[in-house]
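Scroll down for the structure; my scribbles are underneath it.
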Amino acid sequence: MPSYAWLIVWLPLLGFLHNAFAGYLYKDLAARKKAVSYIAPGVVLAAFVVTLAVLKNEVLTAADHRVIVPLIPGLSPETPWINIAGFKANFGLLLDPLSMLMAMVVTGIGGLIHIYATGYMAEDREQPRFFTYFNLFIFMMLLLVLGSNFLMMFVGWEGVGSCSYLLISFWYTDENNAKAGNKAFIVNRVGDLGFALGMMAIWSVFGTLSYFGEKGTGVMQMAARHVDLLGNPLNIGVVTLICSLLFVGAMGKSAQIPLWVWLPDAMAGPTPVSALIHAATMVTAGVVMLTRCSWLFVQAPGALQLVGWIGLATAFVGATIGLVQSDIKRVLAFSTVSQLGYMFLACGVGNFTAGMFHVLTHACFKALLFLGSGAVIHSMHGEQDMRKMGGLKKLIPRTWFVMFIGTYAIAGFPFLSGFFSKDEILGSASASPWGNGVLLYGVGLLTAFMTAFYMNRLMHKTFYTDARFVDGELHAHHHSNFDEHEDAHGADAHAHEGANDHGHGDAHGGGTVHESPPSMMIPLYVLAVLSVLVGIVLGPTKIFEHFLEPSVARLDLGPLAEVTPLVPEIVGWVISGAIAIGGLTLAAMLYGSRKQTGELTTEASKVKNPLYAFLANKWCFDLVYNKVFITIGGKFADRVLWKYVDVRLIDGAVNGVANAVGKISGTIRKVQTGYVRNYALGILFGVVALLVGLLAQWTTLNR
Amino acid sequence: MILSNGASLAAIAPILAVMITGMIVLLGDSCLKLWRQAKWVSPTISVLGLVVSAALACSLIGTSGQQLAFSGALTADAFSQACNIILAVIAALAVMGSATYLENRGLQHGEYYVLVLFSTSGAMLMAAASELIVLFVAVEILSVALYVLAGYARTERKSEEAALKYFLLGAFAGGFLLYGIALIYGGSSSIVPGQVGTTNLRALGIYLHQMPAPNQMFIAGTALLMVGLAFKAALVPFHMWTPDVYEGAPTSVTAFMAAAAKVGAFAAILRVFNAFIPISEYWLIIVQVLAVATMFGGNILAVVQDNVKRILAYSSIAHAGYLMVGISALTGSGAATDALKAEAHSAAMGGITFYLLAYGIMTMGAFGVLIWISRRGRDVQTLNDLKGLVKTDPVAAYTMLIFMLSLGGIPPTMGFMGKWFLFYATLQAGQLWLAVTLALASIISIYYYLRVVWVMCFTEPDENAVAPGRAVASGGVVVSLIASAAATLLFGVAPGLLHSLMDAASTVLRP
Amino acid sequence: MGNALCRAARGTCSAYIPGYLNAMPSAPILVFFILAAVAVISALMVVTNVNPVRSALSLVVTFLSVALLYITLSAHFIAAVQIIVYAGAIMVLFLFVIMLLNLGAPAEAEPKNKAQSRAALALSAVFLTALALAPLVTFSTDAKSEAAIKNLGTVSTIGASLYNPALPWLFPFEATSILLLVAVVGAIVLAKRRI
Amino acid sequence: MVPTSYYMILSGILFTIGVLGVLVKRNPIVIFMCIELMLNAANIAFVALGRHFAQVNGQMYVIFALAVAAAEVSVGLGIIVSIFRTRESINVDEMNLMKF
C-alpha cells in the first residue's frame, strides 16, 4: 500500500506557494486575504488529518512502529539524494511515534494557531505575506521532525530559523524588531555550528547520517549495538563529544543558557508567531533532537549530565526573571525559557519520555496562554504592559476563562495537564542517576513554585484588580511607557498604527475593550480543553509512555540507575500539587486587591481581600515580602540575572562581538585608500609575505 | 592520453564555440547594418553560442578522461568541461542580464558581447591550461577584455577609474605571474631528470610525485605564480582593487567579472596546486593562511559597507576564502591513510566545482537583481536604494532574499550545499580547525547579508532612492533571474542532480 | 651617465661581432657587465626621471641593452623582435600618447608621499634580497656546451618549434590571436569618440 | 660563457626596479612603463634559462610575453586616453572616487 505521509509535508508547501503568489492570483486585496485565510489554515489542518490517518494506518500497524517512506511519492526512500564524492544522503520520512507526535503537535496546534491568526491578522494589509511565512514555517518544521536523517533535520532546523527571523521582524516599523530578528538569527547560527560539527562527527564515526536504515545501518541502530561504522566498539569520549556538539545546537534553538538571549527579544513578532514558533514548536526542536538521538545520549553520561545541569539552571533563572517582568508577553517568554529548561532537565536525567510529554502539554497550555495574551492585547488595542491593565475579567470574561485554565495548567494545578508532565519530570529528577536527585528535585520544586506565582501574578495584574486605564480612551501605544530594558519589545503596539494600517481606533470607534472575534476564541476553547485533558488522559494511564517507547532509548547504567525516587509517586503528587497551589495562593494574596500600581506599596492598609486580611501578621508579611522577595529576590533577578548576566554578559557578548567586528571593520577599511599606489604596495606586501613564507618553509624542510 | 591535433580541436569544442560566436558577433555587428540596428541580435546570438558551448561540454564531459590536447598545452579533461559548463552558464546569465541595462544607459553595442564572449573563452582556457604559458595567455585574454569592460561606461568617471585601477594592478600582478613562470621553468630543472626545465603542469606533477624535492627557485616561482592567480581570485591581501573596481564598473560587467574571473582563477589555482600536491608541505601553510585571511578579511570589511556593490565585492572576497579552504583540503594533509587522502581529494574537487557553480549563480543572481531594479540612467548603489523593496517590487526582493540566504549559506539553497561539501572535504582531509574557521567566518557574513534583507524587507521605501518604482524589466534579465533563483533552490534541495558534474571533476587525478 | 652611455655604445658595436666575443674568454663577462650596467642605470632613470618623455627614452635604452643581452645569450631572433616590437612599436606608442596628452612637462615634482616611498623601498629591498639570496643563484655553473646553444636563437629553430604540431606552442600561438583581437576591439571601444 | 645566475640576478634587479617604479610613480603612463620593465626582466630570465637548458622553450615564452605586452599596451593606453578626455588629467592620485 502506498504511503500518504508525503502529503503531510507537501500540503503546507502548497499553501505557502498559494499565499506567496496570491498577489498574482487575486487582484483584489480583500479577495486575496479571504482566500489566504481559508487556504493557510486549511492546508495545515488537512495535514493534521493526514497525520492522524498515517498514524493509525501506517505507523501503529508497522512492526516496531517504525517505517521509512519516500518524501516524493514513487521514489524509494533508499534513493540517494546526494551521492557525491563519497558523501551520501537519502531523503525519506521517518514515521515513528516521536515524529508522528511532533507532526500532530505541529499540524494540530499549528492549525489552531493558524485559525487564530486569521482573526488576529484580519486587519493587517500584509496578511498574505504573514501566512506565506507561516505556512513555510510549518513545512520546515515538518521537515525537521519527519526527516529521516540529520541533514534533513538540519535543513528544517535552518529553515525554521529563517522563517522565525522573517516573522519576528514582521512588524518592522521599529528598528528594534529587526535587531531582535538579527540577534535570534545570529545566536542560532552559533548553535547551528555545533549542530553541523556534531553531524560531521557522526558522519566520521558512523559513515551515515540516517537515523535508521535497512539491516541496522542507521546511526541509532549502530549506537544501540555500541558499534561504529567498522564494527569497532564505540569510543565513549567521541560519543560524548558528538552529543555535546548536538546539544550546543539544541541550546541555540531551544534557548538554553547561555544561548537563550534571543527568545525574550523574539517576542517582538506578532503574538501568533510567539505562540507557534517561540512556544509550541520551534523552540522545542532541541528537545526533539535530543530525544531523537537518545540512543546516542544514553551512551554519553557526561553529555547527559551537562544537559541536566543546563536545563536546571535555565529553568531556575528563567522563572526568577519571570517574577519581575511587567510586559505580559515577556512573562510568558521567560516562562517558556524556564519550561524548556524543565524539558532538558528531564532529558538530562535520562527520562526523554517525560521531556517529550512536557513538550506536548506545554505546547497546549503555552499556546493557549500566548494566544490568550494576544487576545488581551488585541482587546487592549496593543497595550502589553500589565501595569496598565487590570479589571479585564468583567470586560472580556471568555478570554479570562481560557487564560485562567492556561495559568492553572502551567502552574501544575492538580489534575490539569501541566501537573502530570511536571510531576513526571520532578519524579525522575529526584531519582536522578547522577546522584544529585535532592538538588534537582529541590530546585525543580522551587521553580515550580515560582512558575505558579508569577503566572497568577500575571492573571491578577491583568484581570482582577481595578482597571488602570480608562475604557473608551484606549489608543494604540508606543512602548515609551515600558521599563528601559524592555523598550525593544512593544511590537504588537505598532501593528495597530504604523505601516500595517491595523487601525483599531477607527475600526471600533473609540477604542473600547472588546472580546475577540470567534476565529480567535474557538482555537482558545479547543486549547483550553486540551490543556485540561491531555495530561490526565495520557499521563497516569501511561498511554503516552507506551506510545513513545519505540522511539526512545532507555538509559541503562546498570546498578547506577537503581536510584529510588526521593518520595513515592502519590506523595510526589501531593507535594507538586501543594507547591502549585501555594504559589498561586501567594500571588493571589499579594496581588489580590492592588488598585493602582499593581505592585506592592506600603499602603498595605488599603488591602481588602478577606483571605489576605485574615492573615493576622499581614504587615509583617508584607514587609518581609517587600524586603525579601521584591527587594532582594526581585532586584537579584532584575539587576543581576537579567541586567547583568543576560544584558551585560550574554547580550553583551553578542552585541560586543558585533560591535568589535564593526570597529575592526571600520579600522581596516581605511587600508582601502582608493590609491593605486597603496594597492600596489599591498600586493607587494603580499608578494614579500608569500615569498619569505615559502622560502622559510623550504629552509625548515631542507635543513 | 595525448590527443592528436584534430581530436584536440574536438575536445576543446566548447571553447572554440565561444570564440567563434564572438567572431560572428563581431563581424555581424560591424558589417551588417540590420544586425546592428536590431539590438536584440547580438545578445541572442551570444546566448545561443553559449548554449551550444554548454551543450558541447555536457556531451564531452562523460567521455573525456585525462586528455592532453595540443601536445600538452591543454588538459581537455572532465574538470575543464565542468568549468566550461559553469562559465557558459555564467556568461549566458550575464548576457541576458546586460541587454536592458546597457540599453538604459546608452551603452548597447555589439562590442560588449564580443568582449564578454572572448573573456569567457579566456576563463575557459584558464581552466584547461596545463602549460603555464598558456595559462598566462589565457589570463591575459580574460583580463584585457575585462579591463575594457570595466571602463565600458566611458563617460563616467567611476567606470574609467575602475578600468585604470584594474588595468594597472592587473598588469602589475601579471608581471609577477610571468616572473613566477620563469622561476618555475628554471627551478624545475632540479627535479626534472636530464636537467631541462618545463612548465607543463602535468609533467611537473609527475616529476614532483617521483621526486618531491623542489629547489628554492621553484619555491619562489610557486610563490609568484600564486600571487598572479591570487590577484585574479581576489585573495587578501591581493584583494584591494576588488571593491573599487566592482563599484565603478557598470553593474552588468561587475556581475560577469565577479563570477567569471573568479571561476577562471580558481580553476587555474586548482590545476596548479593539484599538480603541486606532492610538495604540499611547502605551500599548504601559506594557502591556509591566505584562506583564513581572505575569509575574515572579506567578511569583516563587508560589515560596515553601505554600498551594495561593495558589500557584494567583499562578500565575493570572502567566498574566495571559502574556496581556498577547498584547495587546502585538496591535499588531504591531515588524513591518516593514502586511501583517505584520495577520498579527501575527490571530495575537495567535487566540492570546489559545486561551489564554483553555486557561487557563479548566486553572484549573477544578486547582481542581476541590482541590474533589474536599476532605473534609466542611474545605478543602484547604496543600501538606501533598496529600502522597502519588498513593497515596491516584491518579486525582486524575494529573489534577492534567496540569493542572500544562499550567499550566507542557509539551507535549502545552493550556497548551503556548497559550504557543506567544502566542510565535508575539509573534515575528510583532517583539517578540522579550518572547517571551524570557515563556519565562524560565515557567521560574521550573516550580519551583512541580513542587513541587505532587513533593508529590503523591513524598511519603508525611500523617496530619494534610485528605485522606488517597479523596474521596466526586459525578458532577458527576468529569465536570467528566475533561472538563477530556481537553480539556487533546486540544487540546494537536490544537489544530487549535479552529481555527474562533480563526479567528473573529481576524476582529476591526484599526482 | 655620459660615460655609461659611451660604454653602452661600445658594447653595442662589439656585440655585433660574435667572433670577437668568442675569441676573448674574459670578454663576454665584461660585455655582460657593461650591458647590465647600462640596463640597470637606464631602468633606474625610468623611475627617477620626473619628465615622462625622459622616462620613455630611458626605457628605450633599457630595451636596447636588453636586446643586446639577448644576443649574448644567442637569442638572435628574440633580440631582433625586442628591438622591433618593444623599442620600436611599443615605445613609439608610449611617446605618441605622452605627446598626444601633452604630458611632457609635469606641473609638479613627485613623489611627495614619503611613507609610501619608504615602504616601497623597504619591501622592494626585501623582495630582491629574498629572490637573489638563493633562488636566482641556483645556477652557478653552465652545463651546456657552446655548440648545443649555437643555433637555438635562429629564426628557423624558432619557427620550426613554434609551428611544430608535436610541440605545445602551436596552440598558445593561435590563442594569442584571440588576445590581439580582444586588444584591437578593446582599444577601439575605449578610444573612439562614438561607437 | 657568462653564468646563467648573472643573468638571473640582472633580471631580478630590473624586475625590482620595475616594481619600485610602479609603487612610487604617479603618472599612469610611467607606471605602465615600469610594468613593461618587469615583463622585460622576466623575458631575460626566460632566455637565460632557455640557454642554460639548451632549450628553445625559453625563447618561446618570450614571444608570447611580447604579444601579451603589445595587447596590454594598446588597451592600457586606450584607457589612459579615454580618462584624459573626461578629466583632462591622468594623475593616479586624483583617482580615488571609490575607496574604503
Side-chain angles (χ1 to χ4, degrees), chain A residues 20 23 80-87 129 151 154-155 157-159 161-162 165-166 169 172-173 175 177-178 181-182 185-186 189-190 193 196-197 200 203-204 499 658 661-662 664-666 668-669 671-672 674 676 678-680 682-683 685-687 689-691 693-695 697-698 701-702, chain B residues 165 168-169 172-173 176 216 219-220 222-224 226-227 230-231 237-238 240-241 243-244 281-283 285-286 300-301 303-304 343 346-347 349-351 394 405 410-412 416 421 423-425 427-428 435-436 439-440 443-444 446-447 450 454 457-460 494-496 499 502-503 506:
Chain A
W81 172 25
I82 306 168
N83 184 6
I84 296 164
F87 179 76
R129 189 158 67 89
L151 192 59
F154 191 70
V155 170
W157 190 268
E158 297 274 317
S162 307
Y165 168 75
L166 290 169
S169 314
Y172 49 75
T173 43
E175 191 169 343
N177 292 7
N182 280 0
F185 207 96
I186 288 161
R189 295 294 292 178
V190 176
L193 172 58
L197 287 174
M200 285 299 182
W203 173 269
S204 60
V661 169
I664 296 171
S665 180
I668 61 173
R669 78 191 292 202
V671 175
Q672 304 277 143
V676 173
N678 293 138
Y679 292 0
I683 292 177
F685 169 77
V687 171
L690 282 192
L691 198 59
L694 272 169
L695 288 172
Q697 186 76 2
W698 187 91
L701 289 170
N702 287 283
Chain B
K165 277 181 184 170
L168 286 179
L169 294 169
F172 186 53
F176 284 106
Q216 284 135 306
I219 287 296
T222 310
L224 296 189
M226 204 193 280
V227 170
F231 175 85
F238 309 102
M240 290 161 120
W241 58 277
D244 292 6
E281 51 188 347
Y282 291 91
W283 52 261
I285 180 74
I286 303 287
I300 289 176
L301 275 165
V303 168
V304 286
E343 227 168 78
S346 75
M349 284 300 299
L405 291 181
I410 314 281
F416 163 70
F421 288 135
F423 209 77
Y424 171 71
L427 286 187
Q428 292 286 92
V436 176
L440 285 176
I443 290 179
I444 299 178
I446 294 296
Y447 274 98
L450 279 190
W454 179 68
C457 296
F458 306 125
T459 53
E460 289 301 306
H499 79 94
M502 292 173 66
D503 286 348
S506 40

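Below, chain A is the first sequence line, B the second, and so on; all start at residue 1. As the structure is a computational prediction, the values presented were derived from the model and not from experiment.
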For [X], is it the side chain, the backbone, both or neither that has a heavy atom under 4.5 Å from a heavy atom of chain A?
X	value
Leu301(B)	both
Phe423(B)	both
Ile219(B)	both
Leu450(B)	both
Tyr282(B)	both

Quick one: are [X] and [Y] in side-chain contact, heavy atoms under 4.5 Å?
X	Y	answer
Leu690(A)	Phe238(B)	yes
Phe185(A)	Ile410(B)	yes
Glu158(A)	Phe416(B)	no

In terms of heavy-atom proximity below 4.5 Å to chain B, should [X] be classed as side chain, backbone, both, or neither?
X	value
Trp203(A)	side chain
Ser162(A)	side chain
Leu701(A)	side chain
Ile664(A)	both
Leu166(A)	both

If you take all heavy atoms of [X] and [Y], which pair is closest and at what distance?
X	Y	result
Gly686(A)	Pro237(B)	CA-CG, 3.6 Å
Ile300(B)	Ser665(A)	O-OG, 2.5 Å
Leu694(A)	Thr222(B)	CD1-C, 4.4 Å
Gln216(B)	Leu695(A)	O-CD2, 3.9 Å
Val676(A)	Leu169(B)	O-CD2, 3.9 Å

As a quick check of understanding, evaluate side chain to side chain contact (heavy atoms under 4.5 Å, CB included) for Met240(B) and Ile683(A), giving each step before the final call.
CA-CA 8 Å; Met240(B) 290 161 120; Ile683(A) 292 177; over 6 Å; no
Within the distance-only criterion (no hydrogens, no angle test), does the side chain of Gln697(A) pair as donor or acceptor with the backbone N or O of Glu281(B) below 3.5 angstrom?
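At least one qualifying donor-acceptor pair exists.
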Can you check whether Phe172(B) and Tyr679(A) have ring centres sitting under 6.0 Å from each other?
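Phe172(B) vs Tyr679(A): aromatic centres not under 6.0 Å.
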What is the distance from atom CD1 of Ile446(B) to atom CD1 of Ile186(A), rounded to the nearest 0.5 Å?
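Spacing of CD1 (Ile446(B)) from CD1 (Ile186(A)) equals 7.5 Å.
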Leu427(B) CG to Met200(A) CE distance, which is reported to the nearest 0.5 Å:
5.0 Å
